Amino acid sequence: MADDTIKLTVDGQEIEAKPGQTIIQAAQDADIYIPYLCYFPGMKPYGACRMCVVSTEAGGRKGVQASCTTPVMADMIVETSSEEVVELRRGITDLLMSEHPHGCLTCHRAELCGPQDICQRHVAVTDRCTICPKNERCELKDTVRFMKLDLTSSLDYHRRDLPIHTDDPFYDRDYNLCIVCVRCVRACDEVRGDSALSMVSRSGVALVGTSHGTSLLESGCEFCGACIDACPTGALVERDYKWEKASTKVKTVCTNCPVGCEFVMDINDINKVVRMTGDLSGEASHGQACFKGKFGYDYPNHVRRLKYPMVRVDGELQRTTWEVALEAASQGLLQHLPEERGVILSPRGTNEDHYVGQKFARTVLGTNNVDTGLNRSAELLAALAAAPGHGAATNPIWGIENSKCVLVVAGNPTEEQNVLAVPVKKAVRAGANLIVIDPRETELTRYATNWLRPRPGTEITLLGGLARVILDEALEDKDFVRDRLDGVDEFKKAIWSFDLMRVSQITGVSEDEIRSAARAYGNGSPASLLHGTDGIVAGDHADLLAAVMNLALMTGNIGCAGGGVYPLYSGANTQGGNDVGAAPNLLPGYRSVSSNSDRDVISSSVGGTYPQRPGKSVRDMVAGDGIKALIVLADGWNPDVAGMTTNGLVNPGFMVVSDAFMSDTASRADVVFPAATYAEVSGTITNLERRVQKVNPGLELRHEEREGWRTLADLANVMGGSGFGYETSSEVFEEIRKVVPDYAGLTHARIEGRGIQSPARDETSNGTGILFSSEERLSVVPMAIREPVSLPNREYPFTLGHGRVLLRPEEDVQVVRDERSMNYIERDTLIEIHPEDAADLDVSEGDRVAINAQQDSSASPLPDFGYVRLSSPHRGFVSVTTLFAEVVTGIQDSGDIDISPSVKGLPLRHVSLAKAPILREAGMAAD
Amino acid sequence: MSVAFSELRQKADAEWLSLTAGDKPWVRVGLGTSGEAAGAEEAFHAITESLGLDANVTLVGSMGLCYAEPLIDVQLPGGARVFYANLGADEVADVVGGHIKSGRANADRAFAWHGDERPEGLGAVTRLSELPTVRVQTRLATKLAGDIDPRDLSQYIANGGYSALEKALEDMDPAGVLDEVKNSGLRGRGGAAFPTGVKWGFLAPNPEPVKYILCNCEEGDPGAFNDKGILESCPHTLLEGLILAGYATNSSNGFIFIRQGHTLPIENSRKAVQDAYAAGLLGQNILGSDFSYDVEIALTGDSYVAGEETALMEAIEGKRSMPRYRPPFPAAAGLWGKPSNINNVKTLAYAPTIIQNGADAFKSVGIESTSGTAILCITGAVNRPGMYEIPMGSLTVREVVEDVAGGIKDGKNMKLFQAGGPLFGPIGEEGFDSPIDFDSIAKTTGSLGSGGLIIGDEDVCAVNLTRNLMAFNQFESCGKCFPCRLGMTHMVETLERISQNVGREDDLALMERMGASMRMGSLCGHGQLGYNPVASALKYFEADFRSHMDDKKCPTGACGEGQMVTPSRTRP
């Protein structure tokens with residue numbers, strides 16, 4: 001290690017650098033500041049602003065170099081503020097300020113004035129820093145001050161007077177403030193792989209803009225905010241809370257999806273969360289975000305937050321005290337038998353919430369009816385319990401960057417687990433093959449080298465087909481199979497039933513396509529495999545998991561860097577919920593409720609009596625299956641979006657809900673507790689790569705809201721439970737450590753900042769990035785080819801795959817402005833129909849058909865009409881692809897306070913089609 | 001000689017013989033871009049269509065004698081070539097037709113003759129090689145310009161083309177070719193004058209299987225047209241050089257990078273590459289040897305900076321052509337991250353003669369510090385503009401202007417010359433006696449650059465010329481690095497002010513300060529050299545500036561008072 005460090009001298013100080021580092025990186029690591037504007041950590045050097053110039057002397061040669069692009073050399077002598085470089089920086093900054101508004105920078109009152117103050121120096125409003133949304137955070141301002149510029153240059157100042165773009169969702173673009181550092185374009189292109197932004201024109205008029213000069217909606221923008229976070233000036237800013245200043249900044253973790261992106265949360269001086277900025281030091285997100293985390297953060301501020309407990313009196317929910325409400329809840333619950341009671345925990349809940357939730361259900365309510373609030377079936381839970389690693393991702397998120405092949409099956413990570421797709425796109429750009437198995441067109445299919453579109457419901461058979469080709473062509477990892485795997489013979493025997501011609505007939509995917517994908521995966525080691533459950537019926541979840549594991553194991557892609565399997569969960573803390581036992585069949589630490597010894601371990605460690613009979617999954621509980629009393633921690637839980645049948649919630653016998661808002665669920669409850677949100681709680685969540693992360697409170701609780709675990713513990717105490725005397729979430733976590741061996745080495749203090757990937761079994765452990773990297777033996781399990789089951793549906797005879805992408809150049813898109821001058825997408829949808837189905841419907845290419853869909857409240861809205869394209873690969877299957885921009889404008893319109901849980905998914909739909917008159921030419925927008 | 005090449009050679013010789021000494025006269029019409037502008041194409045059509053002559057009529061490239069265009073010559077079978085200068089379409093029937101029908105040259109219109117024996121009746125007409133514009137020339141890279149059809153591979157081969165390649169493949173190993181180029185003292189003709197052999201030597205030992213030789217024909221300098229001239233008149237010279245460079249450096253691919261809009265060079269090089277593939281001079285196992293090499297033509301849109309070597313690579317990769325930072329240098333990681341070498345058209349066009357005739361023969365031309373020739377493009381206020389290939393260091397600027405280019409138009413006096421492209425400024429009287437070679441011109445504030453030489457007479461105002469140069473530089477800045485994007489803009493605005501007599505007292509100091517930021521701070525040569533024109537103009541013609549600033553008037557009237565030209569592309 002010591003051998004490959006490079007020693008150099010910066011400003012007289014000897015520092016050590018790693019080979020390949022640039023001067024600025026080495027200096028930053030040694031806490032030596034060199035000003036910069038176009039450089040941005042995590043992106044390739046660009047070398048445009050020349051602000052980071054330094055004097056260098058190496059190998060007897062002196063020079064002035066940009067420190068962001070010049071690699072360190074042994075014995076190099078660097079001066080960061082020699083006279084020549086200071087003069088050079090000043091010269092360049094003078095030029096820069098000649099077209100950047102900077103009126104307040106020469107004023108002694110700069111720190112004292114606010115945006116509304118009267119200026120006595122007659123500086124035009126548009127030239128003042130105080131009215132700039134980034135006034136407090138402007139990197140250009142910091143740079144100017146660092147250089148102690150007097151700003152008395154005789155260069156003429158020109159204001160650009162460009163129109164400000166405020167007509168797109170979420171953020172404003174004011175190119176009058178742009179310094180053309182091109183960080184935004186590079187973030188969009190290099191980091192996100194989207195290329196929605198681009199440089200525009202050249203020479204003095206060079207600027208940044210959208211790729212084709214269009215609105216953001218048409219540009220392929222995914223509204224991830226990476227460009228905003230990278231912008232050093234006020235050119236790109238979030239529209240909401242645009243001018244708000246942070247009085248506190250708190251590091252925390254987003255609770256909208258299982259990626260667990262780390263953010264810096266800005267809190268203003270009136271206790272509101274006003275901004276979320278991706279934390280560049282974040283291990284899970286590397287500073288990246290998606291529209292949910294970046295723009296869907298401010299519901300804790302909302303005036304309609306529930307402030308006080310309520311109980312139903314004469315059919316009306318009325319404000320009361322915690323004491324009364326807890327008593328009412330207790331009485332109501334006690335009126336039902338243990339097996340009639342259930343607890344549903346918020347998908348956003350912390351590990352502490354989940355742990356206390358399961359303990360409460362089991363030791364106080366006497367039932368195993370406890371689950372996290374997602375669409376989880378008993379079958380899936382059983383499969384997870386049995387799977388190696390209990391279905392957790394075996395490898396770290398950013399390990400995917402190094403994969404040579406990525407296979408994504410039945411999932412849409414760009415929308416559901418957005419930042420997980422960033423390393424996928426990066427791997428593809430670095431030359432990896434991407435195989436997408438999905439009948440829908442998703443954003444990743446645009447990047448795919450192999451897009452297999454199986455007939456819906458035949459994904460497992462298709463995966464078996466891939467395994468067959470891998471065995472036929474001897475692409476398996478022979479050493480791994482020999483040394484690590486059990487059950488290989490039975491597996492191989494079972495795979496012979498996957499005759500490729502038959503697989504092709506069943507799935508509707510050609511043999512060549514299957515072979516090509518199998519070769520890409522089999523030859524693409526290390527290969528990662530991302531698997532969701534979109535379009536897979538609950539009964540098949542276990543088989544899908546088995547098929548996925550078989551494929552990864554046979555090719556030796558378990559236990560190696562760049563390989564692995566990644567489940568695509570939807571809830572933010574599903575992994576943690578499972579880990580701490582918030583599941584009807586699992587006790588903390590993946591112990592089985594049915595096992596006497598497992599129950600004994602728990603009760604002897606933390607007390608209480610644990611019931612034996614496995615409980616009901618959330619899906620069964622909300623379906624009203626024998627449940628008469630429910631407690632729901634509902635923060636951000638939307639059973640509609642999870643696609644569950646909610647009879648149980650319409651008329652539960654008795655329901656207690658803890659929520660931040662008067663949601664549909666809360667409005668049906670008998671007792672309502674006001675809940676604290678992510679911005680107010682301290683606790684931990686565990687992301688999909690098993691990273692236990694610290695959620696930190698930035699807001700003070702204003703009224704009587706309580707955290708989920710506290711609400712349940714308080715209720716337990718009222719109901720006579722013992723072992724619920726927790727004062728803080730960290731006390732809860734201390735108890736979790738005792739019963740969850742994988743967390744034994746973790747404490748709130750240890751995971752602060754970067755989090756630690758479980759298992760971390762003792763306090764010396766820095767966690768486990770890659771599971772199964774040692775010599776433990778694993779099993780492949782036999783699988784069987786299955787004939788497709790088609791349930792004839794007379795009313796809605798077609799299955800529709802609803803895809804969604806950022807860009808679809810083959811379809812005309814028009815942007816219209818509404819009365820508020822906001823941009824909206826207007827477009828004609830193409831509907832893919834099989835030629836034979838089209839013949840039956842008496843329609844041909846370009847005809848217009850009406851799409852009539854079966855009600856599904858969990859689904860994104862479908863267009864009413866589509867123009868026929870005879871390209872569906874399967875009879876009975878049709879597909880449409882809509883644009884992500886429509887989701888964004890939909891959010892804008894919906895008025896939803898908490899946007900993330902209300903973004904609907906893309907489940908398979910049942911539709912009927914009918915020929916419709918052509919009202920206008922295909923491809924032409926309406927007047 | 002390899003079987004493959006001897007077959008090519010025999011076929012070519014036979015065709016050439018039938019053209020020069022067959023049964024028909026051969027009429028050659030010089031058509032470069034300059035000829036085209038002068039009406040050569042119309043003249044060609046007039047000959048082929050309206051006259052219906054029993055003759056071979058061929059479009060050849062320009063000889064470089066631009067002042068004489070359209071330049072058309074008639075060669076009766078086995079006879080000498082008789083040249084007619086400035087021959088428009090309206091005269092060809094009379095002059096060319098008359099010559100062929102009568103078998104006698106038109107002595108009144110004849111401009112020169114070329115051959116073994118003076119044609120009858122041309123007693124007063126000069127031999128081509130005796131023309132003042134020709135006698136000073138030693139044509140190495142432009143040897144066949146105007147003699148052959150640029151789109152006919154056989155004509156090139158019949159005149160010795162591809163013999164160097166054949167010699168290299170048959171008799172020399174790559175190291176031998178590299179040594180020959182090293183020993184020749186050849187320096188890069190793109191302007192930087194870096195020793196070509198040394199540059200190739202960076203690439204040759206790299207074991208990477210894919211390596212690129214990029215030929216740069218962006219040639220966007222106003223007043224430079226020798227790269228285009230070579231591709232217009234004899235693209236195979238360049239192609240042969242490019243293949244030799246590939247062989248010498250063990251490279252796998254070559255690219256000829258041409259700016260979109262250079263129509264003739266693009267068409268000619270495409271045809272050349274196509275024909276070379278068909279003849280087995282490109283592709284797998286060239287001429288039956290073990291050497292395989294592929295060449296493509298790559299184009300870019302209008303962008304001067306695309307001629308910067310790393311911006312050029314970006315452009316070929318299909319990206320916005322903006323320079324990259326260095327390191328890594330192209331020889332380590334260039335086009336698509338592979339080791340690459342970039343050479344100017346002229347540089348590569350010398351390779352065949354170096355290999356064919358040896359390094360010593362090449363070194364015998366020119367001077368010790370710079371061997372070979374300078375291919376000058378003389379434009380501006382001279383009587384005989386054109387492209388002249390003269391030995392390095394053989395003439396001074398004054399001699400070239402007076403003796404070769406025929407002096408200044410209308411008997412006026414020479415005030416300045418501007419050489420090396422728009423990033424260099426005007427040079428006054430003190431520089432006129434500077435010999436034309438890299439090092440001597442560099443001792444002035446100029447550069448020989450790629451050979452463009454613009455001559456200004458006494459009517460030129462140095463402020464106006466500088467403003468023009470800077471307007472070009474500003475317009476062509478790629479917009480990436482801050483000093484160039486912003487500095488160029490302010491610079492051109494300041495010059496605009498001065499030229500309109502509304503300059504401010506500190507404007508000169510302001511430009512100097514911006515110039516320093518640009519020189520030290522810019523990412524590529526475009527910005528680093530961006531202040532040169534102003535610095536040079538101030539050195540030689542401060543009086544012009546003072547006249548504008550102190551007396552509020554243009555010294556020559558060229559600035560057109562009250563005609564402020566608002567430059568485009570200054571600010572968004």
Side-chain angles (χ1 to χ4, degrees), chain A residues 22 37-38 44-53 55 63-66 68-71 73 84-85 87-100 153-162 175-176 178-182 185 189 198-209, chain B residues 301-306 310 319-328 471-494 497 504-507 509-524 526-527 567-572:
Chain A
T22 57
L37 289 169
C38 72
K44 279 186 233 153
Y46 186 61
C49 76
R50 320 308 282 177
M51 210 50 61
C52 67
V53 283
S55 297
V64 171
Q65 308 282 353
C68 69
T69 60
T70 309
M73 285 167 67
E84 58 178 347
V85 301
E87 182 52 30
L88 176 53
R89 278 183 207 141
R90 286 187 171 165
I92 297 167
T93 315
D94 277 346
L95 286 167
L96 194 50
M97 298 318 271
S98 75
E99 54 174 33
H100 189 93
S153 140
S154 46
L155 293 170
D156 286 353
Y157 167 70
H158 292 263
R159 201 189 135 71
R160 292 182 184 142
D161 282 324
L162 298 168
Y175 293 135
N176 293 301
C178 174
I179 57 168
V180 207
C181 67
V182 193
V185 176
D189 178 42
S198 151
M199 261 188 105
V200 174
S201 199
R202 68 166 193 241
S203 78
V205 293
L207 210 56
V208 296
Chain B
D302 283 352
S303 166
Y304 180 61
V305 169
T310 55
K319 299 176 186 153
R320 188 183 154 93
S321 52
M322 299 195 293
R324 301 174 181 172
Y325 53 82
R326 275 153 284 205
F472 177 91
N473 294 336
Q474 193 274 339
F475 189 84
E476 292 293 350
S477 164
C478 79
K480 180 176 181 181
C481 77
F482 292 16
C484 179
R485 166 169 67 88
L486 298 158
M488 291 281 194
T489 297
H490 280 286
M491 199 81 83
V492 79
E493 284 175 349
T494 310
R497 268 201 307 265
R504 301 169 197 159
E505 202 33 60
D506 67 345
D507 273 351
L510 185 67
M511 286 198 290
E512 195 181 343
R513 183 153 186 266
M514 287 190 288
S517 299
M518 287 163 63
R519 186 176 62 248
M520 273 174 68
S522 295
L523 177 61
C524 83
H526 192 76
S568 59
R569 284 198 195 171
T570 48
R571 295 198 167 75

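Computed from a predicted structure; not experimentally measured. Chain identifiers are assigned alphabetically (A, B, ...) following the order of the sequence lines, protein sequences preceding nucleic acid strands; residue numbering begins at 1 within each chain.
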Original post:
Any Lys/Arg nitrogen of B:Arg497 or A:Asp156 sitting under 4.0 Å from an Asp/Glu carboxylate oxygen of the other?
Top reply: yes
Original post:
Is chain A contacted by the side chain of B:Glu476, its backbone, both, or neither, given a heavy-atom distance below 4.5 Å?
Top reply: both
**OP:** Heavy-atom pairs under 4.5 Å with chain A are the metric here; pick the option from B:Gln474, B:Met514, B:Arg326, B:Arg320 that has the most.
**Re:** B:Arg320
Original post:
Going by atom types only, do B:His490 and A:Ser98 share a side-chain donor-acceptor pair under 3.5 Å?
Top reply: yes
Subject >> Toward chain B, the part of A:Leu96 with a non-hydrogen atom under 4.5 Å >> reply: both
Original post:
Say you draw a straight line from CD of B:Glu493 to CE of B:Met511; how long is it, rounded to the nearest 0.5 Å?
Top reply: 12.5 Å
Original post:
With a 4.5 angstrom heavy-atom cut-off, which part of B:Arg324 approaches chain A: side chain, backbone, both or neither?
Top reply: neither
Original post:
Considering only heavy atoms, which portion of A:Leu95 lies under 4.5 Å from any heavy atom of chain B: side chain, backbone, both, or neither?
Top reply: both
Subject >> Segment of A:Arg90 engaging chain B (4.5 angstrom heavy-atom cut-off) >> reply: both
Subject >> Toward chain A, the part of B:Ser477 with a non-hydrogen atom under 4.5 Å >> reply: both
Original post:
What distance do B:Leu510 atom CG and B:Glu505 atom CD have between them, rounded to the nearest 0.5 Å?
Top reply: 12.0 Å
Subject >> Candidates B:Thr494, B:Asp506, B:Asp507 - the one meeting side chain to side chain donor-acceptor pair (under 3.5 Å) with A:Ser154 >> reply: B:Asp506
Original post:
Which residues satisfy the ring pair (Phe, Tyr, Trp, His ring centres under 6.0 Å) test with B:Tyr304, sequence neighbours excluded?
Top reply: B:Phe472, B:His526
Original post:
Between A:Cys68 and chain B, which part of the residue has a heavy atom less than 4.5 Å away: side chain, backbone, both or neither?
Top reply: neither
Under 3.5 Å donor-acceptor pairs involving side-chain atoms of residues 516-523 of chain B, not counting sequence neighbours:
| residue | atom | partner | partner atom | Å |
| --- | --- | --- | --- | --- |
| B:Ser517 | OG | B:Arg513 | O | 3.4 |
| B:Ser522 | OG | B:Met518 | O | 2.8 |

Subject >> Heavy-atom proximity to chain B below 4.5 Å, by part of A:Glu84 >> reply: both
Original post:
Between A:Ser203, A:Ala48, A:Gly204, A:Ala206, which residue shows the highest count of heavy-atom pairs closer than 4.5 Å to chain B?
Top reply: A:Ser203
Original post:
Between OG1 of B:Thr489 and CG of A:Leu155, what distance do you get to the nearest 0.5 Å?
Top reply: 11.0 Å
Original post:
What part of A:Tyr175 gets closer than 4.5 Å to chain B, counting heavy atoms only: side chain, backbone, both or neither?
Top reply: neither
Subject >> Contact origin within B:Tyr325 toward chain A - heavy atom pairs under 4.5 Å >> reply: side chain
Original post:
What's the spacing between A:Tyr157 OH and A:Met97 CE if we round to 0.5 Å?
Top reply: 9.0 Å
Subject >> Distance in Å, A:Arg50 CZ paired with B:Cys481 SG, rounded so as to fall on 0.5 Å steps >> reply: 6.0 Å
Original post:
Between A:Arg89 and A:Met51, is there a donor-acceptor pair closer than 3.5 Å when you use the side chain of the first and the backbone of the second?
Top reply: yes
Subject >> Part of A:Asp161 lying under 4.5 Å from any heavy atom of chain B >> reply: neither
Subject >> Greatest number of heavy atom pairs closer than 4.5 Å to chain B - which of A:Pro71, A:Ser153, A:Ser201 >> reply: A:Ser201
**OP:** Examine whether an atom of A:Val200 lies under 4.5 Å from a heavy atom of chain B, and if so say whether it belongs to the side chain, the backbone or both; otherwise answer neither.
**Re:** backbone
Original post:
With a 4.5 angstrom heavy-atom cut-off, which part of A:Val53 approaches chain B: side chain, backbone, both or neither?
Top reply: neither
Subject >> Most contacts with chain B, counted as non-hydrogen pairs under 4.5 angstrom, among A:Asn176, A:Val180, A:Val64, A:Ile92 >> reply: A:Val180
